[in-house]
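Source: prediction; values computed, not measured.
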Amino acid sequence: MVVNASLSRNESVKFDRETNFHKSHAILSIQSEDGDTIDCIDIIKQPAFDHPALRDHKIQMSPSHNVEMQTAADTNRGSPAIVTAQIWHRSGSCPKGTIPVRRVQKNHPSKGHSDSNYGKKKPVFSHHSVQFNDSKELYFLRNNYSLAMIHTEGYAYLGAKGDIKVWNPNVELDDEYSTSRVALKSGSYYDFEAMESGWQVNPTVYGDRQTRLFVYWTADAANKTGCFDLTCPGFIQTSNEIALGAAIYPISNPTGLPYEIVIYIHKDPKTNNWWVQYGETMNVGYWPPELFEKLSIHAETVQWGGEVYSSRVGIHPHTSTAMGSGRFPDYIMQTSGYVKRMRVLENNLILKFPQWVNLYTDEYRCYDVYYIHDYVPDPEFYYGGPGRSYLCP
């Protein structure tokens, strides 16, 4: 598929500018075996500092506080899944004092996306309810988004953590995506602030259908602010070992070993920076409080689970873009998406399972949810589905 001709002149200029910026500032460039180019860029020359609020920002290289787990399940997990790595590590590493930045590929399928929208989510607010053929209305379905999640709210949250099983779900069209993540949010339903991290398959942003690690933020419900990874100024990266947007491996399959990523987002009590931790010890970077208003204080809601973006959710024919593994929740064989060791951080700075949780799915016939807390040492959440099927919609 030839897509270069579909790029506008402004888009072409932007990609050329970003590519030249990476090349000119790269101390080292690494060609990954999966086709990515990773540029090792001086940490003080990263894109974050183009944000007007961060021009004089002083980098914090590590969190000032380490949080201890509260439950025995964290130290006695039985047979834990295997935490994944990133493919580009097979081809090299970035030296200290630099950060690995995935170079934007000019030949990605971003048809119809202006350079100002590249790397962003579409605005989530819709004035209209969505109606199925059986006349049941989904008043809470956001425009073009379908969620299957477990969430908690009502407290002042300073962090959240989860172990997310890694899959490679089918994404039908280039302008659709499927993601599994931990998210913290504050604000009203129509004008919220959010931080997220997890894995996703997103051809629009990455140009392929590999499963990739991501971070995301917005300060206005994806209306004007925020983006994935480092595609706009905002997130400050400190790690020279993790490349945001890079492919992760191995990937789980129904008959093989389970593979997970561990995501922990937490607020530093001294600097108010919101840190992202990958695995049990790797600090990737942070969002400074200057990016937000409500989240500069605390989060009001924590979510774990999946999200599918498509202009064909809630309608017929429904998208066949899958969530999780593409299978409905399966807590017996665990062949669906799941999140385990779900934790929140409150004012006492102790990580613990939330006092109460709720399940939510926009389209239970397309992407369903299941929560198990009896007969297991720690509560577990299962989610996912195939999208279009004989049940959906």
J.: Report yes if the side chains of M61 and I43 come closer than 4.5 Å at any heavy-atom pair, otherwise no.
T.: yes
J.: So, are D378 and R343 salt-bridged, with charged N and O less than 4.0 Å apart?
T.: yes
J.: Within the distance-only criterion (no hydrogens, no angle test), does the side chain of R209 pair as donor or acceptor with the backbone N or O of V171 below 3.5 angstrom?
T.: yes
J.: Suppose we screen for side-chain contact (heavy atoms from CB on, under 4.5 Å). Which residues come up paired with N358, at least two apart in sequence or across chains?
T.: H151, W356
J.: Does anything in residues 193-202 pair up under side chain to side chain donor-acceptor pair (under 3.5 Å), and if so which pairs, sequence neighbours excluded?
T.: K121-E196, Q200-N202, Q200-Y206
J.: Has the side chain of N240 got a donor or acceptor atom that lies under 3.5 Å from a matching backbone atom of I99?
T.: no
J.: Decide yes or no for V302 and L184: does some side-chain heavy atom of the first lie under 4.5 Å from some side-chain heavy atom of the second?
T.: yes
J.: Drop me the distance from R388's CZ to T319's OG1, to the nearest 0.5 angstrom.
T.: 6.5 Å
J.: Can we say E153 and K185 salt-bridge, meaning some charged N sits less than 4.0 Å from an Asp/Glu carboxylate O?
T.: no
J.: Between I242 and W275, is there a shared hydrophobic cluster once you connect ILVMFWY residues whose side-chain heavy atoms come closer than 4.5 Å?
T.: yes
J.: Examine K161 relative to Y264 and say whether NZ or CZ is less than 6.0 Å from the centre of the six-membered ring and inside a 45° cone about the ring axis.
T.: yes
J.: Please identify each residue that fulfils ring pair (Phe, Tyr, Trp, His ring centres under 6.0 Å) with Y309, with sequence neighbours left out.
T.: Y145, Y177
J.: S389: which residues meet the side-chain contact (heavy atoms from CB on, under 4.5 Å) condition with it, sequence neighbours left out?
T.: P386, L391, C392
J.: Determine whether M342 and V357 make a side-chain contact, defined as any pair of heavy atoms from C-beta on separated by less than 4.5 Å.
T.: no
J.: Taking the side chain as every heavy atom from C-beta outward, state whether Q334 and P258 have any atom pair closer than 4.5 Å.
T.: no
J.: Taking E172 for the side chain and S320 for the main chain, is one N or O donor matched with an acceptor at less than 3.5 Å?
T.: yes
J.: May I ask you to test the V201-T321 pair for a side-chain heavy-atom distance under 4.5 Å?
T.: no
J.: Does some side-chain heavy atom of H65 sit less than 4.5 Å from a side-chain heavy atom of K270?
T.: no
J.: Table please: side-chain donor-acceptor pairs of residues 243-257 below 3.5 Å, with sequence neighbours left out.
T.:
unit_1, atom_1, unit_2, atom_2, d
S252, OG, V166, O, 2.9
S252, OG, Y259, N, 2.9
S252, OG, Y259, O, 3.2
N253, OD1, T255, N, 3.0
N253, OD1, T255, OG1, 3.1
N253, OD1, G256, N, 2.7

J.: Does the pair T231 and D229 meet the rule for a side chain to side chain donor-acceptor pair (under 3.5 Å), with working shown?
T.: CA-CA 6 Å; T231 56; D229 306 331; over 6 Å; no
J.: Let me have the donor-acceptor pairs involving side chains of residues 281-297, under 3.5 Å, with sequence neighbours excluded, atom names and distances please.
T.:
unit_1, atom_1, unit_2, atom_2, d
Y286, OH, H57, NE2, 2.8
Y286, OH, Q60, N, 2.9
S296, OG, E293, O, 2.4

J.: Check side chain to side chain donor-acceptor pair (under 3.5 Å) between D330 and all other residues, then give those that pass, not counting sequence neighbours.
T.: T335
J.: State whether the side chain of W167 and the backbone N or O of S336 hold a donor-acceptor pair below 3.5 Å, judged by distance alone.
T.: yes
J.: Is the side chain of Q237 donor-acceptor paired with the backbone N or O of S239 at a distance under 3.5 Å, no angle test?
T.: yes
J.: Among all residues two or more places apart in sequence or in another chain, which pass the ring pair (Phe, Tyr, Trp, His ring centres under 6.0 Å) test with Y331?
T.: Y370
J.: Name the residue from F214, F235, W217 that meets the ring-ring contact (aromatic ring centres under 6.0 Å, His included) definition with F228.
T.: F214
J.: Using the test side-chain contact (heavy atoms from CB on, under 4.5 Å), find all partners of H298 that sit at least two apart in sequence or belong to another chain.
T.: A156, L158, E300
J.: In Å and rounded to the nearest 0.5 Å, what is the NZ to OG distance from K122 to S310?
T.: 10.5 Å
J.: Between the side chains of S311 and N144, is a donor N or O closer than 3.5 angstrom to an acceptor N or O?
T.: no
J.: Any donor-acceptor pair under 3.5 Å linking the side chain of D42 with the backbone of I44?
T.: yes
J.: With clusters defined by side-chain heavy atoms of hydrophobic residues (ILVMFWY) lying less than 4.5 Å apart, directly or transitively, does I27 cluster with I30?
T.: no
J.: Does D56 CG have over 12 foreign heavy atoms under 6.0 Å away?
T.: no
J.: Between D174 (side chain only) and P203 (backbone N and O only), is there a donor and an acceptor less than 3.5 Å apart?
T.: no
J.: Going through the checks in order, is the side chain to side chain donor-acceptor pair (under 3.5 Å) test met by Y383 and S180?
T.: CA-CA 10 Å; Y383 64 96; S180 295; 2.8 Å; yes
J.: Between CZ of R327 and CG of D368, what distance do you get to the nearest 0.5 Å?
T.: 15.5 Å
J.: Do R181 and Q303 touch side chain to side chain, with heavy atoms closer than 4.5 Å?
T.: yes
J.: List in chain and number order the residues that pass ring pair (Phe, Tyr, Trp, His ring centres under 6.0 Å) with Y155, two or more places apart in sequence or in another chain; answer none if no residue qualifies.
T.: none
J.: Backbone N or O of A222 within a donor-acceptor pair of the T218 side chain at under 3.5 Å?
T.: yes
J.: Quick check: does any side chain N or O of N348 sit under 3.5 Å from a backbone N or O of I350, one acting as donor and the other as acceptor?
T.: yes
J.: Are more than 12 heavy atoms from other residues, nucleotides or ligands located less than 6.0 Å from atom CD of Q355?
T.: no
J.: Could you list the residues that satisfy side chain to side chain donor-acceptor pair (under 3.5 Å) with T152, not counting sequence neighbours?
T.: Y157
J.: CD/E363 to CD1/I315 distance, rounded to the nearest 0.5 angstrom?
T.: 9.5 Å
J.: Determine whether I38 and V101 make a side-chain contact, defined as any pair of heavy atoms from C-beta on separated by less than 4.5 Å.
T.: no
J.: Would you please name every residue forming a side-chain contact (heavy atoms from CB on, under 4.5 Å) with L359, sequence neighbours left out?
T.: I150, V369, Y371, F381
J.: Under a 4.5 Å side-chain heavy-atom rule over Ile, Leu, Val, Met, Phe, Trp and Tyr, are F328 and Y360 clustered together?
T.: no
